[in-house]
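Read the numbers this way: they start at 1 and go in the same order the structure lists the ligands and their atoms.
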Amino acid sequence: MNRVGVIGWPVSHSLSPAMHNAAFAALGLDDWSYELLPIPPDIIRQGLREIRDHGFVGVNVTVPHKQAVLPFVKADELATALGAVNTIDFRDNRATNTDVAGFIGDLKAHGIELANANVLVLGAGGAARSAVYGLARAGANIGIVNRTADKAQQLIADLGVKARVLSFADTEDWYVDLIVNCTSVGMWPKVDECPWPEDVAFPEGATVYDMVYRPERTRLLEKAEAHGGRAIGGLGMLVRQGAAAFKIWTGEAAPVEVMLEAAREKLRVES
Ligand code: ATR
């Protein structure tokens with residue numbers, strides 16, 4: 001049996017088993033299985049070793065372990081630059097981060113041009129790091145708004161990218177093509193919250209990409225559409241980061257549509 005899984009704490013809500021197991025079934029990879037692997041933060045080193053000793057091919061890594069696993073793996077250039085790992089291959093103990101590919105890949109799949117686009121990133125945590133890194137590489141002009149401005153400044157310095165820190169008020173003087181929500185605001189269960197403040201005009205016609213996918217349609221996405229813009233939820237990014245991990249482990253191209261449908265179905269059953 002080829003075992004893979006996701007380590008996190010908690011991980012019970014993860015959509016990854018549903019989407020990977022559906023992908024294995026679709027490709028006839030009957031000797032592969034994807035499991036939930038809850039590991040508390042204080043035993044991460046020992047937990048990783050045990051999973052490896054049990055013969056796992058690899059794992060995805062989610063909150064709160066993405067940084068904590070770094071000392072125990074051979075992180076590639078990307079994971080090192082981001083300071084975060086999301087995929088490990090135990091066969092060579094190499095680790096990478098497929099979130100950037102998931103994010104940029106999903107924007108591309110939606111036909112969104114990034115070269116020279118004005119992109120406003122909301123947030124400066126781990127998710128924002130992946131977004132800013134990918135957007136900078138794709139040649140976007142990046143503005144970052146974060147509740148804690150210092151963290152946005154630090155993110156820019158850590159990644160060594162060109163971007164500016166803005167306040168929401170500044171955005172009224174900036175033409176915005178794309179807004180990317182990398183905060184957790186609006187995520188289930190606080191579905192009535194919106195990261196865009198009531199007292200700041202919302203950019204007309206801007207596309208919004210919301211990394212939140214629970215719910216699939218957030219308040220922010222509703223706001224985008226109310227202002228004549230396109231609204232894209234973050235499920236595609238989740239699926240595409242998973243698809244990239246699937247390719248690393250199995251060597252086969254992932255059936256993205258199958259994975260997307262399995263993830264959607266899991267969300268539907270939950271709600
Ligand atoms: P992740 O790894 O998912 O990015 P994180 O590193 O905890 O999670 O980052 C969460 C982001 O959401 C941060 O940018 C955070 O803002 P701060 O840097 O000021 O903490 C933002 N965030 C979370 N709750 C928020 C709220 N209620 N209002 C505004 N921003 C919020």
For this session: Over 60° means perpendicular and under 30° means parallel, so classify the ring planes of His20 and Phe246, tilted if in between.
Result: parallel
For this session: Could you walk me through whether Arg94 and Asp89 pass salt bridge (charged side-chain N to carboxylate O under 4.0 Å, His left out), step by step?
Result: CA-CA 5 Å; Arg94 286 192 57 81; Asp89 185 336; over 6 Å; no
Seminar exercise, completed: among protein heavy atoms, the one nearest atom 23 (C) of ligand 1 is Ser184 OG, 3.5 Å
Exercise. At what distance is the nearest protein heavy atom to atom 9 (O) of ligand 1, and which residue and atom is it?
Worked result: Gly125 CA, 3.4 Å
Exercise. What is the nearest protein non-hydrogen atom to atom 27 (N) of ligand 1, stated with its residue, atom name and distance?
Worked result: Arg147 NH1, 3.5 Å
Problem set entry | Carboxylate-amine/guanidinium contact Asp99 Lys66, below 4.0 Å | yes
Exercise. Taking NZ, NE, NH1 and NH2 as the nitrogens, is one of them in Glu193 or Arg219 under 4.0 Å from a carboxylate oxygen of the other?
Worked result: no
Exercise. For atom 11 (C) of ligand 1, which protein heavy atom lies nearest, and how many Å away is it?
Worked result: Thr183 CA, 4.0 Å
For this session: Please check if a non-hydrogen protein atom sits closer than 4.0 Å to atom 19 (O) of ligand 1.
Result: yes
For this session: Among all protein heavy atoms, pick out the one at the shortest distance from atom 4 (O) of ligand 1; state its residue, atom name and that distance to 0.1 Å.
Result: Ala127 N, 2.9 Å
Exercise. Hey, which atoms in ligand 1 end up nearer than 4.0 Å to a heavy atom of Lys151?
Worked result: 17 (P), 18 (O), 20 (O)
Exercise. Hey, is ligand 1 close enough to Ala128 that some N/O pair sits below 3.5 Å?
Worked result: no
Problem set entry | For Thr148, atoms of ligand 1 separated by under 4.0 Å from a heavy atom | 17 (P), 18 (O), 19 (O)
For this session: Specify side chain, backbone, both or neither for Asn146, according to which of its non-hydrogen atoms lie closer than 4.0 Å to ligand 1.
Result: side chain
Seminar exercise, completed: Interatomic distance, CG@Leu235 vs NZ@Lys266, rounded to 0.5 Å, equals 12.0 Å
Exercise. When you look at CD of Glu270, are more than 12 heavy atoms from neighbouring residues, nucleotides or ligands closer to it than 6.0 Å?
Worked result: yes
Exercise. Heavy-atom contacts under 4.0 Å between Val185 and ligand 1: side chain, backbone, both, or neither?
Worked result: side chain
Problem set entry | SB check Asp92 Lys74 (cutoff 4.0 Å) | no
For this session: For the residue pair Ile43 and Gln46, establish whether any side-chain heavy-atom pair is separated by less than 4.5 Å.
Result: yes
For this session: Would you mind running through ligand 1 and noting each atom that sits below 4.0 Å from a heavy atom of Gly123?
Result: 14 (O)
Seminar exercise, completed: Counting from 1 in the order shown, the ligand 1 atoms closer than 4.0 Å to a non-hydrogen atom of Gly126 are 1 (P), 2 (O), 4 (O), 6 (O)
Exercise. Are any of the side-chain nitrogens in Glu216 or Arg264 under 4.0 Å away from the carboxylate oxygens of its partner?
Worked result: yes
